[in-house]
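Numbers restart at 1 for each chain; the letters A, B, ... are given by sequence-line order, proteins then strands.
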Amino acid sequence: MSTVIEDPRIVEFDVRTDEMLVNMGPQHPSTHGVLRLLLRTDGEVVHETTPHLGYLHRCAEKIGENLTGPQWIPYTDRMDYLAGMNMNLGLALTYEKLLKIEVPQRAMNLRVLIAELGRIASHLVGMGAYGLDLGTFSPFLYAFREREIILDLFEELCGARLTYSYITIGGATHDLPVQITIPPGLASLTGKSPNLKMSWTDTCLMFLEWLEKRIFEYHTLLTRNSIFIKRTAGSGVMSADMAISYGCTGPVLRGSGVDYDLRRDGEHIYTRMYEGYKFEVPFAPFAGVKNIPSEVILGDNWCRFFVRMLEVTQSISLVRQAIAKYPTAEGTFRVPFKMSTKLPADECYLETECPKGQMGFYIVGDGQAEPLRARAKSSCFCNLSVTGPLCEGILIADIPAIVGSLDIVMGEIDR
Amino acid sequence: MTIQEIHQRLVDRFGADKITGINDKAIDPWIEVAPAAIAEIGAFLKSDPDLAFDSLNNLTAVDYLETDAKLAAKFPYQPHIEIVYHLFSFTRKHRTVIKAKFPRWMNDQVGQLPELPTVSHIWAIADWHEREAYDMMGVQFLGHPNLVRILCPDDWEGYPLRKDYQFPEEYHGVRGQ
């Protein structure tokens with residue numbers, strides 16, 4: 001007697017012969033958090049991949065409707081918890097666009113400095129965790145060693161290591177500290193005394209100088225590693241049209257060969273922060289880069305990974321430029337902003353270039369201090385939506401390679 | 001193209017019945033369209049070589065309702081729901097906002113979900129965004145290939161981002177509130 005399937009959309013009950021349904025996650029280490037992938041497999045070949053989300057849903061948008069702008073900023077930290085600074089910046093800029101707040105030069109300078117340092121930290125985790133997905137443990141430890149120093153610097157700056165709430169509407173909560181004890185990690189790595197006291201900017205420059213030399217090592221360890229190339233190059237290939245249609249942004253879009261970065265091409269309120277800074281936007285097929293492995297195809301996992309690695313170098317240069325401009329930047333680090341400021345009966349949407357893609361905030365005001373609607377458009381949400389089509393007809397072992405190359409954070413997807 | 005030019009082009013193509021309004025004074029200027037025509041308008045916005053809106057940056061639903069009787073007198077909007085489409089063109093480097101407004105419940109019968117056509121065949125990302133709008137705001141997207149909840153569990157009741165949403169007392173033995 002055959003079983004009648006009432007609703008064929010419910011795949012759990014639609015079991016066919018010779019096919020097996022495999023649940024990957026939600027506690028699988030290579031799904032980057034609580035993502036559950038439902039795989040329909042035939043032996044080693046995956047026919048269908050269905051992502052199931054929502055395990056980390058914390059009603060951030062509903063909460064945002066009951067809070068004022070400054071009160072909602074701590075919730076944005078907890079969306080992409082690997083790049084809290086960049087998330088703060090996105091929301092702060094959206095409110096500034098809605099309320100037409102002019103931010104002083106010094107605050108903008110601080111924001112570039114901090115956001116780019118946050119980008120380095122996020123890409124370091126992206127690189128390390130990707131190595132972990134593919135079975136190599138050492139890059140992860142190196143990446144965390146480096147990231148630890150950035151977190152120490154952030155801790156000296158605002159007192160928090162992950163959930164900063166540092167960049168706020170009108171500027172930032174603090175100016176840079178004048179003198180700090182150098183982070184213990186940096187002291188031991190550079191052979192300096194752990195009691196050495198330096199200015200925050202000098203410590204940061206010392207760290208960057210040290211980090212820049214290490215980038216070469218990561219390339220030896222991963223980028224040009226023949227095992228790594230075999231696992232990543234040529235699989236998960238995504239065309240530029242597909243990336244645009246699926247709303248992919250950030251390194252995923254640039255890995256498919258689209259030359260687009262909001263820091264350069266975005267709205268004026270965002271790009272004016274980067275005026276006077278020199279930086280390049282790396283994108284596949286990486287004109288000017290020598291020794292690209294011959295196995296690499298435009299838009300594959302390796303390209304997405306390599307875009308991130310090149311962005312770290314660009315961010316190091318941006319942080320240096322921001323530090324050089326810092327002593328002469330005019331104005332204060334913040335203009336006062338009242339918590340009870342009433343929002344106009346208007347709305348605005350703004351996207352910023354977060355490490356993982358374009359994060360958008362959409363705020364609708366109705367004459368009260370709390371918005372009528374507070375929407376966070378997640379970049380990882382869009383980037384993840386492409387897994388279904390990308391993971392068709394591949395081997396099970398390639399799934400961590402593809403999902404890892406998208407560099408997702410579930411806190412941001414589920415909000 | 002400016003918002004006025006985009007609006008004029010849409011009016012020339014679809015007429016004033018389907019392109020019902022424009023607000024060029026807003027911070028992000030928007031064009032209002034008839035909900036039933038959104039799919040054909042979307043297809044035109046993407047395929048027309050001068051418009052070429054190949055990217056849907058954001059799709060979301062907004063519930064315009066004030067439940068507090070004291071504040072309702074000052075509330076600047078009529079109660080309704082709207083779906084907002086934030087579009088961007090990679091080839092033309094311009095942006096626009098399209099809005100579709102409709103009543104909170106179909107035929108003003110509480111519980112009957114409002115309906116409008118899907119745009120998931122035009123921009124692939126709309127598939128997930130529409131699932132989220134359905135999950136959170138209770139809007140039916142006609143022709144959507146797989147309109148099921150995405151963030152909430154499948155057996156969740158109600159649409160949490162609606163302003164008159166009642167928080168559940170309990171869910172599978174877990175007490176709420």
Side-chain angles (χ1 to χ4, degrees), chain A residues 7 9-10 50-57 59 61-62 65 97-100 240-249 253 258-260 265 267 344-351 358 360-368 372-373 375-378 381-386 388-389 413-415, chain B residues 23 25-28 30 46 54-66 68 71 74-77 82 84 86 88-91 93 95 97 99 120-129 131-133 135-137 145-154 156 160-163 165 167:
Chain A
D7 185 354
R9 288 177 306 178
I10 303 171
T50 318
H52 288 252
L53 340 167
Y55 291 91
L56 211 55
H57 182 51
C59 323
E61 291 180 3
K62 187 78 178 173
E65 290 176 2
K97 184 180 170 189
L98 183 64
L99 295 162
K100 301 190 174 65
D241 285 345
M242 185 176 171
I244 290 172
S245 180
Y246 277 90
C248 295
T249 47
L253 180 69
V258 181
D259 179 14
Y260 187 72
D265 310 315
E267 292 187 38
D346 204 339
E347 56 179 64
C348 85
Y349 178 70
L350 183 73
E351 288 194 342
Q358 297 172 13
F361 285 99
Y362 175 60
I363 304 287
V364 183
D366 63 348
Q368 295 174 43
L372 178 81
R373 177 85 165 93
R375 154 91 169 151
K377 192 230 68 164
S378 158
F381 184 86
C382 302
N383 289 349
L384 181 69
S385 74
V386 87
I413 292 171
D414 293 343
R415 284 154 286 147
Chain B
N23 182 349
K25 304 286 187 293
I27 298 173
D28 288 331
W30 42 263
K46 188 179 180 184
D54 44 12
S55 167
L56 177 67
N57 278 0
N58 181 28
L59 184 160
T60 193
V62 188
D63 185 10
Y64 286 88
L65 180 74
E66 180 56 70
D68 190 326
L71 296 168
K74 279 196 213 162
F75 191 65
Y77 308 100
E82 55 187 44
V84 190
H86 288 93
F88 175 71
S89 167
F90 277 97
T91 45
K93 308 279 182 216
R95 299 161 210 280
V97 184
K99 281 188 173 193
S120 56
H121 54 286
I122 304 166
W123 298 285
I125 184 58
D127 183 338
W128 278 28
H129 279 324
R131 275 177 68 186
E132 191 184 333
D135 185 358
M136 292 293 154
M137 209 63 93
N146 180 28
L147 197 66
V148 292
R149 288 183 182 269
I150 188 163
L151 292 177
C152 291
D154 285 346
W156 196 260
L161 279 184
R162 286 202 172 219
K163 292 285 179 185
Y165 174 69
F167 286 89

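Heavy atoms of B/R149 lying under 4.5 Å from chain A are absent altogether. Only the backbone of A/D265 comes within less than 4.5 Å of a heavy atom of chain B; no side-chain atom from C-beta onward does. Only the side chain of A/V258 comes within contact range of chain B, with heavy atoms under 4.5 Å apart. Interface residue B/R162: only backbone heavy atoms are found under 4.5 Å from chain A. Looking at B/L59, the atoms closer than 4.5 Å to chain A (heavy atoms on both sides) all sit in the backbone: N, CA, C or O. Contacts between A/F381 and chain B at a heavy-atom distance below 4.5 Å involve backbone atoms as well as side-chain atoms. There is no contact between A/L350 and chain B, counting heavy-atom distances below 4.5 Å. Heavy atoms closer than 4.5 Å to chain A are found nowhere in B/D154, neither backbone nor side chain. Contacts of A/E351 with chain B are made by side-chain atoms alone, with heavy-atom separations under 4.5 Å and no backbone atom involved.
Considering NE2 of B/H129 and SG of A/C382, their distance stands at 4.0 Å, rounded to 0.5 Å. A distance of 11.5 Å separates SG of B/C152 from CG of A/L53, quoted to the nearest 0.5 Å. Atom OG1 of B/T60 is separated from atom OH of A/Y349 by 9.5 Å, given to the nearest 0.5 angstrom.
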- Does the pair A/L372 and B/F75 meet the rule for a side chain to side chain contact (heavy atoms under 4.5 Å, CB included), with working shown? CA-CA 10 Å; A/L372 178 81; B/F75 191 65; 3.8 Å; yes
Run the side chain to side chain contact (heavy atoms under 4.5 Å, CB included) check on A/K100 and B/I27 step by step: do they pass?
CA-CA 10 Å; A/K100 301 190 174 65; B/I27 298 173; 3.8 Å; yes
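A donor-acceptor contact shorter than 3.5 Å is absent between the side chain of A/K62 and the backbone of B/M136. A/R373 places a side-chain N or O within donor-acceptor distance of the main-chain N or O of B/A61, the cut-off being under 3.5 Å. Using a distance-only test at 3.5 Å, with no hydrogens or angles considered, no donor-acceptor pair links the side chain of B/S55 to the main chain of A/I244. Using a distance-only test at 3.5 Å, with no hydrogens or angles considered, no donor-acceptor pair links the side chain of B/K74 to the main chain of A/Q368.
When each of A/G54, A/S245, A/P51 is checked for heavy-atom pairs under 4.5 Å with chain B, A/S245 comes out on top. Taking A/R415, A/H57, A/R375 one by one and counting their heavy-atom pairs under 4.5 Å with chain B, the maximum is reached by A/R375. Each of B/I122, B/V97, B/V62, B/D135 has some count of heavy-atom pairs under 4.5 Å with chain A, and the biggest count is that of B/V62. Chosen from B/V84, B/L56, B/L65, B/D127, the residue pairing most often with chain A at heavy-atom distances under 4.5 Å is B/V84.
Residues A/K377 and B/E132 are not paired through a salt bridge, judged by the lack of any N-O separation under 4.0 Å between the basic side chain and the carboxylate. With respect to B/D28 and A/K97, a salt bridge is recorded, a charged nitrogen being found less than 4.0 Å from a carboxylate O. Of the charged side-chain nitrogens involved, at least one lies within less than 4.0 Å of a carboxylate oxygen, so that B/K99 and A/E347 count as a salt-bridged pair.
Between B/W128 and A/I413, the closest side-chain pair of non-hydrogen atoms is not below 4.5 Å. Inter-residue side-chain proximity for A/E65 and B/L161 is flagged as met; some heavy-atom pair is nearer than 4.5 Å. Using a 4.5 Å heavy-atom threshold, the side chains of A/V364 and B/Y64 count as touching.
Partners of B/E66 by salt bridge (charged side-chain N to carboxylate O under 4.0 Å, His left out), not counting sequence neighbours: none found.
Between A/Y260 and B/F88, the angle of the ring planes lies from 30° to 60°, which puts this pair in the tilted group.
In the displayed structure, B/K25 atom NZ is contacted under 6.0 Å by at most 12 heavy atoms of other residues, nucleotides or ligands.
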